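A short write-up of the structure that comes next.
If you're wondering where the values come from, they're calculated on a predicted model, not measured in any experiment. We use all heavy atoms of the structure for the numbers below, so side chains are in, but hydrogens, waters and symmetry mates are not.
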Amino acid sequence: MKIYVVSLAAGILVGLIYALLQVRSPAPPAIALVGLLGMLVGEQAVPVIKKMVSREPVTASWLRSECVARITGVEAKPAPADQPAPGDRTA
C-alpha cells in the first residue's frame, strides 16, 4: 500500500511542477520522454551518493555496469580480465 501512496504523491508533485512550468498534461511525447529519462538518472543517483558517502570508489566500470545498464536497459559487456575497462584509473 505504501508504494501506491508514494507513487500518488510523486505524481501530484510532478503535476504541480507541470502546472508551474505551464506544460499541458499529458505532456507532449518529447517532454514526457525527457522526464522519464530524468527519473531513471535520478534513481541511479542514490547508489552513487551512497557509495560516495561510504567512501567507496566510484569507477567508470562500476557506473557502466550498475547505473548505465539500468538507465538504458542494455547490459554492459564485461571488460577482459587482463586489462582495465576504458576510463578506469589504476593507482
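- Among residues two or more places apart in sequence or in another chain, the side chain to side chain contact (heavy atoms under 4.5 Å, CB included) test is passed with I12 by L8, L16.
- When the side chains of ILVMFWY residues are joined at heavy-atom separations under 4.5 Å, either directly or via intervening members, M39 and V14 end up in two distinct hydrophobic clusters.
- Residues passing the side chain to side chain contact (heavy atoms under 4.5 Å, CB included) test with L40, sequence neighbours excluded: E43, I71.
- L21 meets the side chain to side chain contact (heavy atoms under 4.5 Å, CB included) test with I17, V23; sequence neighbours excluded.
- The hydrophobic cluster around V68 extends to none of the other residues, as no ILVMFWY side-chain heavy atom falls under 4.5 Å of it.
- Side chain of S65 to main chain of S61: a donor-acceptor pair is present (N/O by atom type, distance under 3.5 Å, no hydrogens or angles).
- Considering every non-hydrogen atom in both E66 and Q44, the closest pair reads O-OE1, 3.8 Å.
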All N/O donor-acceptor pairs, side-chain side in residues 46-58, below 3.5 Å, sequence neighbours left out:
unit_1 : atom_1 : unit_2 : atom_2 : d
K51    : NZ     : E56    : OE1    : 3.2
S54    : OG     : K50    : O      : 3.2
S54    : OG     : K51    : O      : 3.1
S54    : OG     : E56    : OE2    : 3.1

